Amino acid sequence: MSTTNMKIMLDKQRQFFASGSTLPIKFRIEQLNKLKILLQQHESEITEALKKDLNKIEMEAVVTEIIFVAKEIEFIIKNLPKWAKPTKVSSPFPLCWPGRSAIHYEPYGSVLIIGPWNYPFMLVMSPLVGAICAGNCAVVKPSEIASYTQDVLTKLINNYFSPEYIVAIKGGHQEVSQLLKEKFDYIFYTGGTQVGKIIMQAAAEQLTPVTLELGGKSPCIVDETIDFSFAARRIMWAKLLNAGQTCLAPDYILVHQTCKAALIKELKVAATLFYSDDPANHASYGRIINKKHFERIIKLMQKGNILLGGKANETDLYISPTLIDGVDWSDSIMQEEIFGPILPILTYENMDEVIQTINTHPKPLSLYLFTKNKNTEHSILNRVTFGGGCINDCLLHIVNYHLPFGGVGASGIGAYHGKYSFETFSHRKSIYKKRFLLDFSIQYPPYTETKLTWFKRLMSLSLRL
Ligand code: NAD
């Protein structure tokens, strides 16, 4: 899209937003229902595109990219009328008395949603649900790297919605750079940290608020108190889903040194149970998105001992489920997010060491802890900062739309899902409404000692009320 066309399109969105058409809850619910119909009627088209982009088998595509968006839409439709009502809060004595205070939720205007390629459908649709439910207009830019999904997404969005309300644009970083020169009212970005910085810099120029959903190295801690076969299945499922290209996948394992061997044995069993001895020919196993990422992941395997897998086929963009040990934090595999099916295994002697190790690195998007020890759980939850996570499981905190999903520090800014999506895409407007019953003269000049004494007395009373 040319710069002129982009400007025209955004002007139309601004006019449409200013008309107030997106404000009624009825309108928002109608649009959410439209999105739900889109998901129902085009499921096979969407799953076929995901198969071409990432070799996602139908079940994985439906479960990870479609079903939870549909469920979230239902949940939001049910609760939106309640959430959108002003929230009443108390009005402190004496200055705000007698009167009423409330938080009013209003949409920002035109929001820009920029998506990544790893869950290319869901990570555009889920923020879009948030933008719609809060009453915004939206410009959607899916990832160009998952090109088949980009085609389907843009076609469907542009068929189902009018461009002055929601429009999807194809393209890569040049199109994003062009879009970022325009004034949006909110930017919601999902992707890598480096590009996240570019987005935030551009947003700062216009003082546009942002949500950044980024990545990072998510640790998985395993202590000696648990059942290793359960833990191994849960870890390997999470790691190998989408061939390891999941932002919140366990990036590496920190296992107590006394049970490393037992865990590795079960991790191997789990990998074979899921994808057989020949994952390359297993229908459920995914592929790396492109040659660039394939080569990047292969380089990460150059150091360490391969305990399982380590096989690859460039023509097919296949990398086998791989376990590695003998690496440390100076190796490149421990210095960047792996984003592939390679799982390094490091050991620890005590929890203090684990906490110190994680805390000396950028704050992770997720953390997974396998333990039955309540003290260990307490220490990790209270002494380590991370976006979110699970105790004795992996990934599943993301599917619970009662929980906010997002990172902290280097793994992101802001959160969404369910009610948190509504809040993310809404400005909270604070309103205090006073009656004409009384006027405290002490608030007005001229200011005197007596007024100050009385004011202090009233304030101390207000604290006790
Ligand atoms: P990316 O940063 O390469 O691209 C994301 C989006 O930014 C794309 O739409 C792309 O067109 C655009 N873009 C790329 N380069 C740009 C530039 N120079 N200027 C402006 N825009 C640009 O991210 P990716 O490789 O698609 O995604 C992988 C990363 O995203 C991983 O780090 C992963 O952890 C993270 N991620 C995070 C979440 C989350 O929810 N926190 C979800 C998925 C992926």
Side-chain angles (χ1 to χ4, degrees), residues 13 16-17 19-43 45-46 62-87 104-115 119-142 149 152-168 185-186 188 190 211 213 398-406 414-428:
Q13 279 211 349
F16 185 68
F17 181 75
S19 75
S21 306
T22 65
L23 292 181
I25 302 303
K26 188 169 168 280
F27 173 84
R28 303 185 204 180
I29 290 177
E30 277 166 12
Q31 308 312 309
L32 290 171
N33 273 321
K34 222 188 243 188
L35 210 56
K36 209 175 131 198
I37 292 168
L38 179 158
L39 299 180
Q40 283 160 354
Q41 294 193 341
H42 301 275
E43 186 178 290
E45 216 177 322
I46 299 161
V62 170
V63 172
T64 62
E65 304 248 19
I66 301 175
I67 277 191
F68 288 110
V69 179
K71 280 282 142 205
E72 194 179 12
I73 292 176
E74 284 171 18
F75 174 69
I76 289 179
I77 287 177
K78 192 168 155 228
N79 290 286
L80 185 59
K82 187 172 67 197
W83 297 340
K85 280 189 184 143
T87 309
H104 293 246
Y105 299 94
E106 66 175 14
Y108 280 101
S110 269
V111 307
L112 172 61
I113 297 170
I114 305 169
Y119 289 85
F121 189 80
M122 184 267 284
L123 290 172
V124 160
M125 281 299 176
S126 186
L128 183 59
V129 170
I132 292 175
C133 80
N136 296 283
C137 294
V139 174
V140 172
K141 212 300 285 171
T149 313
V152 170
L153 252 172
T154 45
K155 186 190 85 182
L156 293 178
I157 288 177
N158 293 338
N159 282 349
Y160 272 70
F161 299 99
S162 59
E164 67 266 27
Y165 175 45
I166 297 171
V167 68
D185 300 290
Y186 201 94
F188 190 104
T190 307
T211 291
E213 295 284 340
I398 196 181
V399 304
N400 183 352
Y401 42 69
H402 299 284
L403 293 171
F405 176 74
Y416 70 130
H417 286 176
K419 188 176 185 195
Y420 306 98
S421 290
F422 172 76
E423 289 178 353
T424 287
F425 285 101
S426 299
H427 163 62
R428 281 172 300 175

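Only a predicted model underlies this, so the values are computations on that prediction, with no experimental measurement involved. Positions are given from 1 along the sequence.
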Do [X] and [Y] have side-chain heavy atoms sitting under 4.5 Å apart?
| X | Y | answer |
| --- | --- | --- |
| F425 | C133 | no |
| V167 | Q13 | yes |
| E72 | Y416 | no |
| Y119 | T64 | yes |
| N158 | P163 | no |
| F161 | K34 | yes |
| C137 | T22 | yes |
| I76 | I132 | no |

Considering only NZ, NE, NH1 and NH2 on the basic side and carboxylate oxygens on the acidic side, decide whether K26 and E30 come within less than 4.0 Å.
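Answer for the salt bridge query: yes.
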List in chain and number order the residues that pass ring-ring contact (aromatic ring centres under 6.0 Å, His included) with [X], two or more places apart in sequence or in another chain; answer none if no residue qualifies.
| X | value |
| --- | --- |
| F75 | W83, Y401, H402 |
| F16 | Y165 |
| F17 | none |

Is it the case that Y160 and Q41 place a side-chain donor and acceptor less than 3.5 Å from each other?
yes
Tell me, which pairs form a salt bridge (charged side-chain N to carboxylate O under 4.0 Å, His left out) where one or both residues lie in residues 121-134, sequence neighbours left out?
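Listed by first then second residue: nothing to list.
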Stepwise, does the side-chain contact (heavy atoms from CB on, under 4.5 Å) test hold for N136 with D185?
CA-CA 9 Å; N136 296 283; D185 300 290; over 6 Å; no
Residues that E106 engages under salt bridge (Lys or Arg N to Asp or Glu O under 4.0 Å), provided they are two or more places apart
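Only K429 meet the salt bridge (Lys or Arg N to Asp or Glu O under 4.0 Å) criterion with E106.
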By side chain to side chain contact (heavy atoms under 4.5 Å, CB included), which residues pair with T211, not counting sequence neighbours?
Y186, F188, E213, T424
K71 atom NZ, over 12 foreign heavy atoms within 6.0 Å
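At most 12 heavy atoms, drawn from other residues, nucleotides or ligands, come within 6.0 Å of this atom.
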Centres of the F121 and H42 rings: under 6.0 Å?
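No, they do not, as the ring centres are separated by 6.0 Å or more.
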Is it the case that the side chain of R28 and the backbone of L23 share a donor-acceptor pair, with hydrogens and angles ignored and the cut-off at 3.5 Å?
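Yes.
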Looking only at non-hydrogen atoms, find the nearest pair between V124 and P142 and report the distance.
CG2-CA, 4.0 Å
Minimum-distance pair of heavy atoms, taken over all atoms of A134 and S426:
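Nearest pair, atom of A134 first, then S426: CB-OG, 3.4 Å.
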